[in-house]
Amino acid sequence: MNMDLWSLYRKLPFWFQDFLITAVNVNQYRIRRKGRYSFYRKYYSRDWSSDKRLWKAESEVRLADFLQFSCSQSMWFSSVGSSSLSFFPLLEKSDLVKNLKRIKTIDEKDAVVSLTGGTTGASMKVLYTVEDTQERFALLDTFRAGHGYELGKKVAWFSGKNLATDRDVKKGRCYRDDLINKIRFFSTFHINERNFNSYWNALERFSPEFIVGFPSSVFDICEIADRKGLKLHNRVRVFFPTAEVVLPQHREVIGRVLGCQLVDQYASSEGAPFILECTSGRLHIHPLSGVFEVVDENFKPALEGELLVTSFTTHGTPLIRYRVGDRIKLAPPEECCECGSTFPLVERIDGRTSDYVLSPENGRVNLGNLSNSTKSVSGIIAFQVIQDFQDEIDVHVMASDLFTDSERAKFIDALRERVGPTMSINLKVVNDIPREKSGKFRIVKNRLST
Ligand SMILES: [Zn+2]
């Protein structure tokens, strides 16, 4: 829905808004679950992960098919003329923005269109075939089913939808309901101290079994509840975070307040393959959804670095060796997981490659490293680092009473250790840190290059 439609929507009576969102949602689920969906549910439910030879062979077949399809159907890849992945050129975000016409294999009218706000501000469009979306949802649904969720069980969603007006939220209506699938969609645009009761009461009354959405939004609610000593009466079973990097303090506070387990996943809206958390709490690459290459600054294979993804569910807009803009760290290949899966293990997901501070002495200090600097510091609710100059960063901190002068000094020391001795650190305690237009929270904003 575009902006005008949303503002019209918000003017309707609540019951009618619920009715509309239910209708749209039921229809969406109907389309996602038609066609090849049940085939892929069965396909992904098979026990691939315990037999390394089996999934490796299957993954190679799927890769060969996908590369051949892309070379014959996409103008962009037609000149590659090789069946080996390493001969394919890297695909940049800017290629998708400027050359979609040559990359895509289908007409927009036959496609499921996905729009994403790129980091540069240019909005990016990707076209999916219907079958690809059915396969993606089948894989996600199989994953969530493995952790207990099936459509129809009570679930609360916290994603980037601006569903409610300030007035609605004050009246306690910070959500809209899909009454048939038992989904409560919460607005993520109004979560703050003032509106806390509205959110907390709505959660208590709904008492969801599962939660899906932005970890920073769910964290914001839980952090206030935690300070007030509140815990949800009916425990949530599982929280499935989406779209953002999960930080250690997210796990700790959300787990404490909601009483739930947090089960992470990685996939981008452009259609990257999946990394999914297993029942033992480790992250595994799903090798039947695509190929992950991790490379260093010179594009040589590495354990830690930037991701190049090749995604088997992107027949509409083939992503081959695509620089998706995220960093991960792989676990050593000989490491095994307790869960019994032999799918490759990921040590951690570090988030966007553009989310780093450039230090005169230490070079790139990435998000994962920076967010660790709050570890032993009390009283930080949220923080954001902004770099506009080479030798200066602004650090905005939302803090509680526990953030005393000595905690403040500890935090600055921890930051100093990472950004080096010559960087000026301007720390400011603020009441609020605004989110991005998409509703996402960004910890690091590097504006040096823009
Ligand atoms: Zn595992």
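Residue numbers count from 1 along this sequence. What you see below is based on every heavy atom in this structure, not just the backbone, and it leaves out hydrogens, waters and symmetry mates. Just follow the structure's listing: the first ligand is 1, and inside any ligand the first atom is 1.
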Please list, in chain and residue-number order, the protein N/O/S atoms closer than 2.8 Å to the Zn ion (ligand 1).
-> Cys278 SG, His284 NE2, Cys337 SG, Cys339 SG
Please check if atom NZ in Lys410 has more than 12 non-hydrogen atoms from other residues, nucleotides or ligands closer than 6.0 Å.
-> yes
Side chain to side chain, Tyr199 and Ser217, heavy atoms closer than 4.5 Å = no
Is the count of non-hydrogen atoms from other residues, nucleotides or ligands lying under 6.0 Å from Arg235 atom CZ greater than 12?
-> no
Where does the angle between the aromatic ring planes of Trp200 and Phe196 fall among parallel (under 30°), tilted (30 to 60°) and perpendicular (over 60°)?
-> parallel
Search all heavy atoms of Asp326 against all heavy atoms of Tyr266 and return the closest pair with its distance.
-> OD2-OH, 2.6 Å
For Asn362 against Arg418, the heavy-atom pair lying closest together | ND2-O, 2.7 Å
